[in-house]
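Written below as structure tokens is the structure these notes are about.
Note that the structure is predicted; figures quoted are calculated from it, not measured. Naming: A, B, ... by sequence-line order, numbering from 1 per chain.
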Amino acid sequence: MFDQEKSLVELKIKTYLQSEGIDDCNLEFRQIPFSGEWGLAVPLFPLAAAEARLGKKISVPQRAQELAEGIQAYLGDDLGGFSHVEAVKGYLNLFFSTATYAQRVIDTVLEQGADYGRHPGRDKTVMVEYSQPNTHKAFHVGHLRNVILGGSVCRILEGAGYEVIRANYLGDIGLHVIKWMWNYMKNHAGETPDEDRTHWMNAIYAEADQLFQDPENEAEVRALYARWNQRDPEIIALWQKTRQWSLEGFDQIYTQLDESFDRLYFESEVEESGARLVDALIQKGLARDERPEGPVIIDLDEILGTEDEYRVLVVLRSDGSSLYSTKDLPLAIQKFAEYDLDQSIYVIDVRQSLYLKQIFKTLEVMGFEWADKLHHLAYELVNLPGNVTMASREGTVVLFDDLVREATRRAKTIVEEKNPELTEAIKHEIAEAVALGALKYTMLARDNAKVVTFDWDAALDFNGQAAPYIQYAHVRAGSILRKAGQSLPPQAVFPDELHKAEVDLIELMTRLPGDVLRAAEEYRPLIIANLSFEIARVFNDFYNTCQVLNAAPDVRDYRLRLVAAAQQVIATSLKFLGIKAPSIM
RNA sequence: GCCCCUGUAGCUCAAAUGGACAGAGCACUGGACUUCUAAUCCAGGGGUUACAGGUUCGAGUCCUGUCAGGGGCGCCA
């Protein structure tokens, strides 16, 4: 926004530094902290330190301060866009005129509207594979983190200008599916799922899992597995039908979460090509066939001459049946055959780090030149208090729909209190936006590498650093604008004296575009989660201390534009997180 | 045995390329609704950033080691 001023002053500073005998230096521009004004700070420490390294007998902090003062004197009164300059503690601080700066920021935000913070297309395509649920099973809070993280990363990548392909990879075959079908045929024949499909599917699965403990039942399940392997038409038909139910159930959940996918891959699709691929690997001498005594393996350490780094990847069981690896290799290949990808991201929990490292390396030694475009986006698990892992088998799960229902119920109670006049449908819509927002924010406002400990009280706490707080700031802004009347003042002049809350608010708004880029590069929605909260916090402060509607006309005009811009930035940042920004709550 | 991650206020978590005083929320105490929605705001206390060294003008951030917790390591997914 201030590139012109910046490059002008940079040129002047360099001219001065040359006269001091410093050529070819990189100046660093950063923000000035704690100032209450805007500007650029240039630390002179690096230059002073460089001189010291060349053998000059100087104290670095002292020399840095000397340089800063020298530049200040050199610039004199010819500040070109800056209002004043100071040299303090080895920094050169260049201040913008408050009025000019504020107006330029607000004008830019309002002019760009929903596009503010977003970047132009860069002609790069990235595929993000996430969610990856098993059909015929539950969808619990552990699965939720993956979807929410993956979904937000997609939105942020799009904001950074990437073309994004959302991919889902469904586990639609395996023992869990056979168990489910066995129980269905034996105990639930003819039944059809109820409204909440995933919940219903899971009930049958959980029961099957219990019954499976009985050796007699296990034998029946194994027999059914054999029929499946022979492609018994009756079994295949049942599989297709029940799989569809599961997919419909996932769609209900994805719709509720505001997620959707461009491309669905199924494990069943890549199983055969995986088997062929393993044969080819054996032919090439990359894989070693130890059957029937052992499995088919790829000894990566042996191939690469490394030790204990890549270990051994098993690509086929000794009985010839497939593993995850059997399918992940052809899947990766298929992705690049279908799309011209610049990046292929796997959102998968951190426990699979070594496994994915092996998969990526295997593809590399197979000679695929795109192997370096594969990236594992690892995240930690969602555990229950006491570091208990969620596992269906242990019964230690919080199911998605139970959680959403309870959270929505609690949010609804508050909506009833605050806005009793709204229709039932709208109350529910708001409650759900708040409830889901709170859940999503909890998952996103935590570094990917950190375990989320789920407890009901924290998940359902709508106060403090949480999505409802941010949504509420958005509502308040909207409320002011609504009461102000139809149209926003087309422009307004900002005064040179602004309230601290106003200064901070404008400052935070300028951070959005840069933070989006950084969040995209690092796959960290947390950066946006933090920013959105801070903007909301400062907005609430502003709301309390600065009157808008009752202010003098000129003040009212610029503050209305400030409010509109703040609302826009809050809405945009929430959007990156996949969180809805209601207009009433 | 080897590898990866984490360790910051009582609790849950932040802190861009190493930069100016390590910040929020919760909880606690005390204040603020006849005024744009109090799901809000203000004030207060609370820290040897696990520990010990090192690099640097400067380290929560980088390096080495130690301790504590979690995870991974040829036929689980």
Picking from [options], which would you name as closest to the side chain of [X]?
X	options	result
K89(A)	C36(B), A20(B), C41(B)	A20(B)
R537(A)	G25(B), G74(B), A38(B)	G25(B)
N544(A)	C41(B), G74(B), U6(B)	C41(B)
L526(A)	G72(B), A14(B), A20(B)	A14(B)
A41(A)	C41(B), C13(B), A20(B)	A20(B)
N530(A)	A14(B), C26(B), G25(B)	A14(B)
V548(A)	C2(B), C36(B), C41(B)	C36(B)
R317(A)	C76(B), G74(B), U40(B)	C76(B)
R30(A)	A16(B), C36(B), C57(B)	A16(B)
K450(A)	C2(B), U6(B), A20(B)	U6(B)

Which part of the nucleic acid does [X] contact within heavy-atom distance under 4.0 Å: base, sugar-phosphate only, or nothing?
X	value
R524(A)	sugar-phosphate
F533(A)	sugar-phosphate
L549(A)	base
R518(A)	sugar-phosphate
N550(A)	sugar-phosphate
Q352(A)	base
S353(A)	nothing
E51(A)	nothing
R482(A)	nothing
N383(A)	nothing
N93(A)	base
A49(A)	base
Q547(A)	base
I414(A)	base

So what's [N] paired with, Watson-Crick or G-U wobble, going by both distances under 3.5 Å?
N	result
A68(B)	U6(B)
C33(B)	none
C28(B)	G44(B)
U56(B)	none

Salt bridge flag under 4.0 Å for residues [X] and [Y]:
X	Y	value
R511(A)	E507(A)	no
R559(A)	E502(A)	yes
R518(A)	E521(A)	no
R291(A)	D289(A)	yes

>> Rounded to whole Å, please give me the gap between CG in N448(A) and C1' in C4(B).
In response: 15 Å

> In whole angstrom, what separates D541(A)'s CG from A43(B)'s C1'?
Replying inline: 13 Å

> Is the gap between the ring centers of Y441(A) and Y469(A) under 6.0 Å?
Replying inline: no

>> Please report the distance separating the P of A20(B) from the corresponding atom of A59(B), rounded so that it comes out in whole Å.
In response: 11 Å

> Between K357(A) and Y310(A), is NZ or CZ placed under 6.0 angstrom from the six-membered ring centre and within 45° of the ring axis?
Replying inline: yes

> Have Q62(A) and E66(A) got a donor and an acceptor in their side chains that come within less than 3.5 Å?
Replying inline: no

> Would you call F45(A) stacked on G58(B), i.e. ring centres under 5.5 Å apart with the planes less than 30° off parallel?
Replying inline: no

